[in-house]
Number of protein chains: 2
Amino acid sequence: MSSTLKDIAQRTGKSITTVSRALNDYDDVSPKTKALVHRVAEELGYTPNLLAQRLQKHRSDTVGLILPTFGPRFSDPFFSEILAGVGNQAAECGYDLLVSTQAPGEKELEVYRQKVQGRQVDGFIVVRTRCHDLRIEYLRGAGIPFAVFGRTAGKLDFPFVDEDGVYGMRLVAEHLAGLGHRRIAFIAAPPDLMFARHRLEGLREGLAMLGIPLDEDLMVGGDLTQKGGYEQAGRLLDRPDPPTAIATGNDLMALGVMSAAQERGLVVGSDLAVTGFDDIPLAEHSHPPLTTVRQPIYQIGRQVCRMLIQLIRGEELEQQHVILQPSLVVRRSCGSTPPQMSPL
Amino acid sequence: MSSTLKDIAQRTGKSITTVSRALNDYDDVSPKTKALVHRVAEELGYTPNLLAQRLQKHRSDTVGLILPTFGPRFSDPFFSEILAGVGNQAAECGYDLLVSTQAPGEKELEVYRQKVQGRQVDGFIVVRTRCHDLRIEYLRGAGIPFAVFGRTAGKLDFPFVDEDGVYGMRLVAEHLAGLGHRRIAFIAAPPDLMFARHRLEGLREGLAMLGIPLDEDLMVGGDLTQKGGYEQAGRLLDRPDPPTAIATGNDLMALGVMSAAQERGLVVGSDLAVTGFDDIPLAEHSHPPLTTVRQPIYQIGRQVCRMLIQLIRGEELEQQHVILQPSLVVRRSCGSTPPQMSPL
DNA sequence: AGTATAAACCAAAACGTTTTGGTTGTCAAT
DNA sequence: ATTGACAACCAAAACGTTTTGGTTTATACT
């Protein structure tokens, strides 16, 4: 059924070499032969066997992306956006995208090794960095092209794009303080994630600068899920001295917080201020719409992918490190009528 | 750097054949040799070259999914959900997922051909079927395993999962009629899409059964986007005799309809009823929450992928054709206080 | 002693490309 | 008649596996 160079060679009476070179437009093949080869190739419906091609060329023209998900969390909107950005950029550059999921842990590096050494991918996109990220250490050590969304606590000698989470949370702190809040709670992200650290730090700094005391009891851990936000918010709100504002480490948890508040008869926006982080598409349509920090996830996905492809091609990177300034998106979940300003 | 069978063969003093067979646990290799080979393989950090393996085995253990998107519409929530389902199922079965985007048209089939004949994938998932779907004709003709989300107008001699769109829209018709609506508009999906046809047919049937006259002027075309819904709704609402209810062919357009209505000072739910179709995650959180028809996209993605993998493995399919009954999810966009019933 | 059986091993072919390092034939310049 | 240059072509090696179809050696049975 599927034809090979050999078939074309037989049909044209030329050698396999010549056929190959004809199809690749080498100039040591006569125009006449080229035409013949192309015609026969067309006739036979020839398509090169990419596996063979790649085996020989030591290139797969494929970028890898392994989503660090637990269970079926593939559908996390954050990952969907990343995936969209990476996928579109890869397609535009003529690269395929190989997607896989693998929970953080023991077997994780094995999957990276397998894909890299198995020549399935030419490079990797790494997302959702941990403070000490073994994936990055491995890739760095192995000398494989990779580009990262996020930073680590270690040496930043790799190409990355990240948002300035410290700045983002400072904006939140200022916003909440400006609305008069003094008892501000924070549901953080898991502390091994680098962005969790930045965001927590930003809140601390922001409040400190404004001279607002920070109650350590109100700083609690979260797991990034809606359910987790719901549960932690419940605990915070049931305290004898509940906070008047709850900031969260990501939008999904903020949605959970709003549910918990509403269940207790509180009106989000007047009785309780809630903020998120990320500005996933849902945030705009939540009830009430969520005040949050916007980072252009889709765009970041594109950019990281573009960096990776440049790296793979051996081109010079314009910028090795990109840190984007996020902006505060004021909606209704903190009660202030959103001013019609465009974010800085 | 990356080691091969040859390296192991040299180190152990055995032949490449024996090493290969040892690693694959053939029983014509002595236990002692197996142990030796495994130890050395470990030492050298051997990982098989998947390209070579696949070239030889004529299998890629990869399923392909090409999203038929125009421009950067990768982020359509519908596709995200599908992708999540397919991706998780594939990962669970030990398959890789190769994702690509390609707008419908000329070049589309070429991409399928290339991936199939290039041995990049063992089979395809086809989504968002057209009435006459060339992709399906090609795959059928080429004898390549594939499984489909959706149906076509032609012979249904391929494995698919689909929702009963006719039934779904009949539920909508009944619901709207039950609320007293008589002037009902519909913003349809592009008519070459099979599901568009089903949904339109369902609405027609439903209204006919209830004896409600159907004004052809109120049946308009849509493009599935929020913007498209917004524009068409604007035109409908600016008529001298506007409808009291606007049903739509998908949720995204319904969101656009609500914006258009609200911009005109109408209260969605009392002044105008709006319905969607799909029940994407956004629907629950829209403002007001959207009454829509629920189809379990994520689950369908999983199931289609499972079917494909069974097909690839040559296993018997339990069911060749699966048609799921959707259910109406009553929220606030039609005004009725949502009864606390569980959908049928 | 000769023959069958089994255990352990291996050389070579195959998968379908690309690349290397040629060869052959023609023509023009010496 | 050589020489050199050039155009057009190709055989064989290479990529890293798996599979085919063996061979060799030891052991057990007549």
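What you see is a predicted model, and the numbers here were worked out from it, not measured in a lab. Proteins come first, then strands; the chains are lettered A, B, ... in the order of their sequence lines, and each starts at number 1.
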Out of curiosity, A:Ile66 CD1 to A:Lys115 NZ, how far, rounded to the nearest 0.5 Å?
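NZ of A:Lys115 is found 6.0 Å from CD1 of A:Ile66.
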Hey, is the side chain of B:Lys14 poking within less than 4.0 Å of OP1 or OP2 on C:dC9, counting only N and O atoms?
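Indeed, a polar side-chain atom of B:Lys14 lies that close.
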Is A:Thr18 near enough to D:dC9 that one of its side-chain N or O atoms lies under 4.0 angstrom from OP1 or OP2?
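So the side chain of A:Thr18 is outside the cut-off, no N or O lying under 4.0 Å from OP1 or OP2 of D:dC9.
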Heavy-atom side-chain contact between A:Val148 and A:Arg135 under 4.5 Å:
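No, every pair of side-chain atoms sits at 4.5 Å or beyond.
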Before accepting this row, confirm whether a basic side-chain N of the pair A:Asp61/A:Arg54 lies closer than 4.0 Å to the acidic partner's carboxylate O.
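So A:Asp61 does not pair with A:Arg54 through a salt bridge.
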Do A:Glu110 and A:Arg113 sit within salt-bridge range, that is, some charged N less than 4.0 Å from a carboxylate O?
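Yes.
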Dump the pairs, protein N or O against N or O of nucleotides 13-18 of chain D, anything under 3.5 Å, distances to one decimal.
residue	atom	partner	partner atom	Å
D:dA14	N3	A:Gln56	OE1	3.4
D:dT17	OP1	B:Tyr46	OH	3.1
D:dT17	OP1	B:Asn49	N	3.3
D:dT17	OP2	B:Leu5	N	2.9
D:dT17	O5'	B:Tyr46	OH	3.1
D:dT18	OP1	B:Gln53	NE2	3.1
D:dT18	OP2	B:Ser20	OG	2.7
D:dT18	O4'	B:Gln56	NE2	3.4

In terms of ring plane angle, is the pair B:Phe160 and B:His321 parallel, tilted or perpendicular, where the classes change at 30° and 60°?
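The rings of B:Phe160 and B:His321 lie parallel, inter-plane angle below 30°.
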Which letters describe nucleotides 22-27 of chain C, given B = protein heavy atom under 4.0 Å from base, S = only from sugar-phosphate, - = neither?
------
cation_pi(B:Arg128, B:Phe78) dist<6.0 Å, angle<=45
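Judged by the rule (NZ or CZ under 6.0 Å from the ring centre, within 45° of its axis), B:Arg128 counts as positioned above B:Phe78.
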Give the rounded distance in Å between these two atoms: CG of B:Asp27 and C1' of D:dT19.
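Taking atom C1' of D:dT19 as the reference, CG of B:Asp27 is at 15 Å.
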Quick one: does any side-chain atom of A:Thr47 pair with a main-chain N or O of B:Gln117 as donor and acceptor, under 3.5 Å?
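It does not hold such a pair.
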Between A:Asp122 and A:Ser60, is there a donor-acceptor pair closer than 3.5 Å when you use the side chain of the first and the backbone of the second?
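Pair found, side chain donor or acceptor close to backbone of A:Ser60.
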